[in-house]
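Quick caveat, the model's predicted, so the values are computed rather than measured.
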Amino acid sequence: MAPQPGAQTWSQQQLDGTCILVRAEPQTGIHRAATVRALPETADMEDTELPSGLLEICVVIGANSEKIRGIDKVLQKGIRSLQDLEPEILSVFVPPFAPKEETQVHSTSQNSFHRGAKRRSFRKKKDKNKPENVHSNGTDQKDTEDISVPKDIDLNGLPSLCFPGGLQLTSEPKEDHFHFLVFTDVCGNRTYGVVAQFCRPVQDALGLCNGQAFWDSSTTVNAKTRDVFVQFAVCIISRYPYYSALKDCLSCLMIQLKCCKDTDVDGHVKEFAAKLSLIPNPPPGPLNLVFSMKPLQIVFPSREDPDSPIIDLDLHLPFLCFTPKLVLQIMSCILTEQRIVFFSSDWALLTLIAECFMIYLHPMQWQHTFVPILSRQMLDFIMAPTSFLMGCHLDYYEQVCKEAEDLILINIDYGSIVCSLNGEEDIEIPDIPVEAAENFIARAQSLQFHYDLEMSHLSSSVDIGEQRMRRKLWQQNLNSEVQEIALELIVNIFRDVKGHLNYEHRVFNSEEFLKTRACGDHPFYKKVLDTYTFHSFLKVRLNKKMDIFARMELRTSSETDGHMNLLLDSPRRRGTDKIKRFRPEHMFSKKLVISMPNLQDDTMHDVPIRHYSLRMPSQDNGVNIPDKTVYTFKLPEIMFPLVNRCVQSYYSDFNNYLSREINCLPPENSALLARYYYLRGLVYLMQGKLLNALLDFQNLYKTDVRIFPLDLVRKVLLILPPSERQQAERKPELKRLFSQVLEKDRDAVRADDRVKKFELPKTHMQLNDFVRRVQESGIVKDKDTIHRLFDALTVGHQKQVDPEIFKHFYTYWKETEAEAEDVNLPSVVTEYLDKNEFVYKLSNSLKTNYGVGKIAMTQKRLFLLSEGRPGYTEITTFRNIDDVKCTTVSLFVLRIPTLRIKSSSRKEVFEANLKSECDLWDLMIKEMWAGRKMADDHKDPEYIQKALKNALLMDAVVASLQTSKAIYAASKLSYFDQMKKEVPMMLPITTAETLKHRINPSSGETIVQSVDVLLYTPGQLETSERDDTPKLWCSLSEGKVVVFNASTWSVQQHCVRVGNAKLRCMTAVEQNQVWIGSSDSTIYIINSHSMSCNKQLTDHRTELVDIALDTCVSDRRIAYSCSADGKVFAWDISTLKIHEKFHIQCQTVTSMRTHNDLLLFCTRDCVLVTKKNGQLFQQLEITENLCKFGSSFHCIQMFSDKGQLWASCKGSNVIFIFDINDFSRPSFRIHLQDCTAIMCMLKVKQQIWVGTKGIAQGKIKGKIYVINVETRNVAKELVAHADVVKSLCSAEDRYVLSGSGKEDGKVAIWKVE
């Protein structure tokens, strides 16, 4: 059976008595050879290689020796006839370059982990260019030595790409010329080539072709042979796009080749290739590698993060060739996936310009053919019918323009864009959205693209190294600025895509997204939304990845679609062309606290003027580029001749340099430390020190887990010999690494990368299918509401929804939205409304006792929009309604349905002849009235959001059914009105006075989740631009954390994912770290500024139960972590190393507290007090008296000022107060009335707040008891939640926040007195 794409194919050959495996890798395009030794049965042979160094292959290309010899003979006879030659491969150099014998001897002495083994450079022969020509018998040894070259790189096509304009004889020597290649395999993986062309006289070229000087003895050397020159090329092929660095390397090689003898060329190229093969690819992050390639110091820059591209070219080049407006036009062509061809008279510019645009596109990726250089033999490629991006020489411009159709022709030299002739109609290139384009142009015009202009005030550099470094730093800064404005362009174009995604069902509602865009931008979006590029982009969004796009969108949004966005999205701001949305979730779920009672003033501030100059960043800049410190590490010198001893010496020096840097580096610089560990781990692997390498990789968990090489570590574990595996099992940290890597391998589930578009159903829907369809539509996500909607749409039918009814319902819902958007309120009306108030429903024109007009419903009030001369007459706010009735009035013989609304704000009762709409408006107003009252009573603005949703659903149900039972069906959605009739809505007076507000961390989710842990982190007053506001961290299920801005209580980060297990504890450590303990036994460290989790502490073996800071003042900052098995680790916060550890002998630990120089542990059978070194100090066991109240302790709370320990037993309603200094003294007991179980306790000022499972009005509720420590009495009894109180935390002793179970799922904010 033929191998599948992406599979590895192995063939076995016997050379010199050594078993060689040659593997064909379709994904990488490389034939690998590896020496095989005894491996575990579970290990694949492919797992014996490291990631390649910078060099994959080095090729020398030139003319055929016979052709040159013939030309030489003609020239020696005095005949001059310059002609084109056919280029072919002369020599190929593939690592490794150490002699085979030494490598074999060395591999028998230690566990070498080679990138590839037994490969040599070889002399290409005319009749042997295929790597498959390998035989296993010993007679063909000489031939098979010269195989193992990259397979998917077309060696037959490579010569034409190295000489895309042809190989020519010239009468004068040409300057060295460089250009760049990009190769893409069938899987989309790219490799990169840098080509240097150089000239040689024909006579010298013979030596270069043959490896020795050649001349015809029958003739004498004519001086005229020195007047004709032939071109050669050296091509470096790498997996990494180091265009500038490899060009610098080749420039150094060119100097050597000019000075060397012709017979020494191969030696110099091989030595050059050997050096590059030993240079590792720098890990992502702030560390560049520097290598000495005399006379230059070559810098290999790292990528910014694992998902970012390597940038080693001048990103401002397109701005030197095109105006910013044309740059946008080219971006539009790329985003709409046109058939694009670049033209230039400079081959190098073709690749560089095309690559710049690929980087501008990041994090989106071009999904089609990408061939930036077409040789003249490849011009027929442009006839391909699919989208592509290619490059041609300017000489072929007219030919391409005439013969091909529907192409976008971009002339780099002249800075122009045209469309090729088309028999039907011209290609329409839609403009980039106006707002994003204007911002991009303004930002681009502020950049300084000319080095000499910006650096003219500096003194002249007399040192070439200093001059190159000065220029490189300037270019790096400019590249960062260009990246920022390109990324901001992409973010501005696709901002709020996430608001139209259904993550659970992986659906994108393109129609709804399109409605949020300005009308003039629709042609652009209609094309882009159907592209493969956008489809791939959606996959990443649906996976909720916090990539560079998500971070930029968050950073450039004022309050994450919050307060400022609501101001800018006001429908009355008609100065912009941007269409606004009025769906209730847009108004409330993103920002639930616009008018938060008693917490903040509802005043809106003016929008600050934004300045766009990147050259002079200021506090008001749209986007400020953060300062990024980049370090360099100089690689050791490589000694020659290149024998294995010299290679090992190089690795030894490399290791020593890294170890020295690691030992000198302060622990605070964990980012740089991680890169050193990564590099030293690679070096250890090359030295065969596998355990040392694994230890270095394990250290990445504590420094930067993002660069942890999971696949590489898995390969190492598979080939680890039994003896070394036993050693690793004895090291706890490596044993843990084994389990982590192998568990990830077992648990790895292929990510769901589907992206669906919403489509109306075509068959009848049962309840579950109906729920899915409604959630996909984006109308509503809450399952309870959807169940009520299902009941409404199936009244009088079997319990299934007809697709036609669903279609009518959906269509009317969208039409109502569109009608609301079209309501253009005059200024005389808008001045009476709040800034965040929108009209959601308009009645038909009707007669009222206030005049003729239409009733308008907003989320806050009802008013009459008079006809004729527009005017505003307020009917009532929902808060002030006293009564709503549906009656009839007599008109002649007719009985006209009339709606009466009595308001506390007006004496006169409002009457409206609503006719057929009367019953519907009666239902909607009553629901809004009940929702408003409940929102006020419970201090929860989400209730009015849900009431508004219910009212609009009623309207759509009535319109879609059009039957006599339509009103009855709509009444199924009267949730709050029904609650008002069935149960009292008022909270107890004490609860209402103490409660300030409620927020919902599960907002926008399909299922309500419990709030397991709460943490408040105060903000810091800093002059930096980074976000440092106070935050509330809410731990939900399956490792999800929702972060609120605690100054406005709005969602700041909807989902920070830390593992997949339940989170048990959270602690703020220093100013910018939050440590989170998980049930999966890992401590996750979150950077509170970037909201990223780059570090993990994995030393515990069972679930974490608590993390506590050492409050005692000392030189060393210590944090204690405790797991359920009693293991306690004292962590040095700066180094993340274990300062001390001990094990307490007890049953399951449930919590830990610090008290002066003591640690207190709550376990199932006792409370232990130990010294901070683990020495037992006191022990409180459950005595016979305590057993009456519970069999095990559940939670404890220290009151250090009083020397008291407050404790409770599981399932008990009694709190015990012990003397911390003498547990033998009798405890004081506090019985909590109407409490069935104590869940948590919190000390605030001179109070203890106790979260419980209690009873109120005969139902199970979450109750909070506030106990005065002085009097030991219950000062307040608060009915907090509809489910048990699971968590408590304090906000600077001014507020207490409580989190509830999954039946409620909300956080309540209480005022502390």
Of all residues at least two apart in sequence or in a different chain, which pass the ring pair (Phe, Tyr, Trp, His ring centres under 6.0 Å) check with [X]?
X     : value
Y684  : none
F1129 : H1100, W1131
F633  : F654, Y676
Y1084 : none

For a quick test of reading the model, state the closest non-hydrogen atom pair linking P283 to R675 and the distance between them.
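Closest heavy-atom pair between P283 and R675: CG-CG, 3.6 Å.
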
With sequence neighbours excluded, residues passing side chain to side chain contact (heavy atoms under 4.5 Å, CB included) with S1092:
N1087, S1090, N1094

Taking the basic N atoms (NZ, or NE/NH1/NH2) and the acidic carboxylate oxygens, is any pair closer than 4.0 Å for K545 and D547?
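Looking at D547 together with K545, the answer is no, because their closest N to O distance does not fall below 4.0 Å.
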
Could you measure the distance from the CD1 atom of I237 to the CD atom of E56? Nearest 0.5 Å is fine.
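Rounded to the nearest 0.5 Å, the CD1-CD separation comes to 9.0 Å.
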
Can a side-chain donor-acceptor contact be found between R1117 and S1134 if the only test is distance below 3.5 angstrom?
no

Sub-3.5 Å donor-acceptor pair from the side chain of [X] to the main-chain atoms of [Y], do we have one?
X    : Y     : answer
R736 : R1101 : no
S659 : N655  : yes
S277 : P95   : no
D305 : D307  : yes

So, do F180 and Y192 have ring centers that fall under 6.0 Å from each other?
no

Sequence neighbours excluded, which residues qualify as side chain to side chain donor-acceptor pair (under 3.5 Å) partners of Q1073?
W1075

